[in-house]
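Quick notes on the structure that follows.
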Number of protein chains: 2
Amino acid sequence: MGNKTKQVIMDVAEALFATHGYEGTSLRMITQQAGVNLAAVNYHFGSKAALMEAIYERRIRPMNEERLRRLDALEAHHGDGQHLPLEALVEAFIAPALRLSREGRGNHFITLLGRSYLESSPTLHAQVRRLFDGVAERFRQAFARALPELPSGELYWRLHFMVGVLAYCMTGTEMMRLIASSRMEASDDPDELITRLVTFISHGLAAPASPVVVDAPPRRAGEALR
Amino acid sequence: MGNKTKQVIMDVAEALFATHGYEGTSLRMITQQAGVNLAAVNYHFGSKAALMEAIYERRIRPMNEERLRRLDALEAHHGDGQHLPLEALVEAFIAPALRLSREGRGNHFITLLGRSYLESSPTLHAQVRRLFDGVAERFRQAFARALPELPSGELYWRLHFMVGVLAYCMTGTEMMRLIASSRMEASDDPDELITRLVTFISHGLAAPASPVVVDAPPRRAGEALR
DNA sequence: GTCTATAACTAGATAGAC
DNA sequence: GTCTATCTAGTTATAGAC
């Protein structure tokens, strides 16, 4: 029954690490809530740190595999040296991530992932980064093809901005209630969020590269910005 | 010398909390690095938790005061019932935050703030939220005036997206190196980042409200999205 | 206000019976 | 594989001398 014990330990630890942080979660909390013995974590994973690693790998790898599948499909459908449709590209990048964050068990992990960006542990950081490296480069090249007129320095920053909104939306709940407290339309539909996000990000990515005039006249929504 | 001791404790604790997290930072680490006695934290602040509270208040209040000063100036310069220029409004919201994150001592605090969004402590969360409530409502109304054609439900989401990019850019360094590793143009100029961000966010905010066509033909950067 | 000393407790890890 | 018992080392907080 070793495999099942590993499973339940990872499930419980994922939720606890997300809620209380790595340092704030004790092996005693984990093993108690998982209904296993205190020594089980060290037996199955070797240490508390190795348990953390296993948790990251379990979620991130499938997410990035889906991103690459979608990108492959896009590139197969459009010519090889040709432009790619921007909105579809954005969606290929963000949809697997957002769906992970709304999945049954995955929503705890997203908080954990957001937390990991702020941790200083070099070990953890290196491991998380390694899990993203291949996907990042493939998508960077694809976006460069979708926005051929944009200087690469500008594209670089805007892709960061895209990752930023995405990361924020993935962490979800708590953070998103800060700015406009009571106006939330209770919509748990991930597809609706994806549509809104694709619109926002695509228009941000496709903005002209030149600096913006700060004192512009009022404009209507949908009107192109100069 | 009580005031100076409080000061140095807060400075050191801010950096340590940001780097190692609240639970990951011990009073021993703080007092050792601050060159004060172990008992000093409990004497001056009452507890570890109260020290944390004091650290938040010290940074957030001035930042939001500056946001409101800028908004007041904008509203004074433009008519009361009239539209506000979108880019200037975005800048009024993000510039004080980004400048705080690049200030001498402030850059540690930003990581700490980002971390707090992921913490589950209801006490801390309530306190942080209270510090933002007034600013949030004032800006929400201002953005509604700047984008009068945008349905309020759509505006709500896009303001969240804005906060998301901002929060991400404030946490800075670590997170931003994930997607495009070696292409970073080493630019520590906050004004340049602000300009780029204002462009990205303004175009995202001003996008048409209708859903996006996913399979669109390629476009040039700067061309309006349909 | 600042210090030392210590109380009261919890942490991760492991040895060894079953 | 799973258990109990325990080790070592860390934590917050406080009492009381100066």
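Atoms considered below: every heavy atom in the structure, side chains included; atoms not considered: hydrogens, waters and symmetry mates. Lettering of chains follows the sequences in order, A, B, ..., and the numbering in each one begins at 1. If you're wondering where the values come from, they're calculated on a predicted model, not measured in any experiment.
Within the structure, no pair that satisfies the side chain to side chain donor-acceptor pair (under 3.5 Å) test touches residues 30-43 of chain B, not counting sequence neighbours.
Straight-line distance from the CD1 atom of B:Ile9 to the P atom of C:dG1: 12 Å, rounded to whole Å. Between the P atom of C:dG1 and the CZ atom of B:Phe45 lies a distance of 12 Å, rounded to the nearest Å.
At C:dG1, none of the side-chain N or O atoms of B:Thr5 fall inside 4.0 Å of OP1 or OP2 (strictly under the cut-off).
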Nucleotide by nucleotide, 5' to 3', does protein get under 4.0 Å of the base (B), only the sugar-phosphate (S), or neither (-) in nucleotides 11-17 of chain C, counting heavy atoms? BBBB---
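Under the 3.5 Å distance criterion, the side-chain polar atoms of A:Arg158 are matched with a main-chain donor or acceptor of A:Ala207. Distance alone, capped at 3.5 Å, is enough to place a donor-acceptor pair between the B:Tyr22 side chain and the B:Ala49 backbone. In this structure, the side chain of A:Thr25 does not engage the main chain of A:His20 through any donor-acceptor pair within 3.5 Å.
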Test A:Phe109 against A:Tyr56 for ring-ring contact (aromatic ring centres under 6.0 Å, His included), laying out the working first. CA-CA 8 Å; A:Phe109 173 71; A:Tyr56 275 92; 5.6 Å; yes
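Ring orientation note: the planes of A:Phe139 and A:Phe93 are nearly perpendicular, at an angle over 60° on the 30°/60° scale.
With A:Val165 as the partner, the side-chain contact (heavy atoms from CB on, under 4.5 Å) test is satisfied by one option alone out of B:Val163, B:Val165, B:Ile201: B:Val165.
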Given Watson-Crick or G-U pairs with both distances under 3.5 Å, what dot-bracket string fits DNA chain D, with | for other-strand pairs and [ ] for crossing? |||||||.||||||||||
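Here the closest heavy-atom approach between residue B:Leu197 and residue B:Cys169 is recorded as CD1-SG, 3.9 Å.
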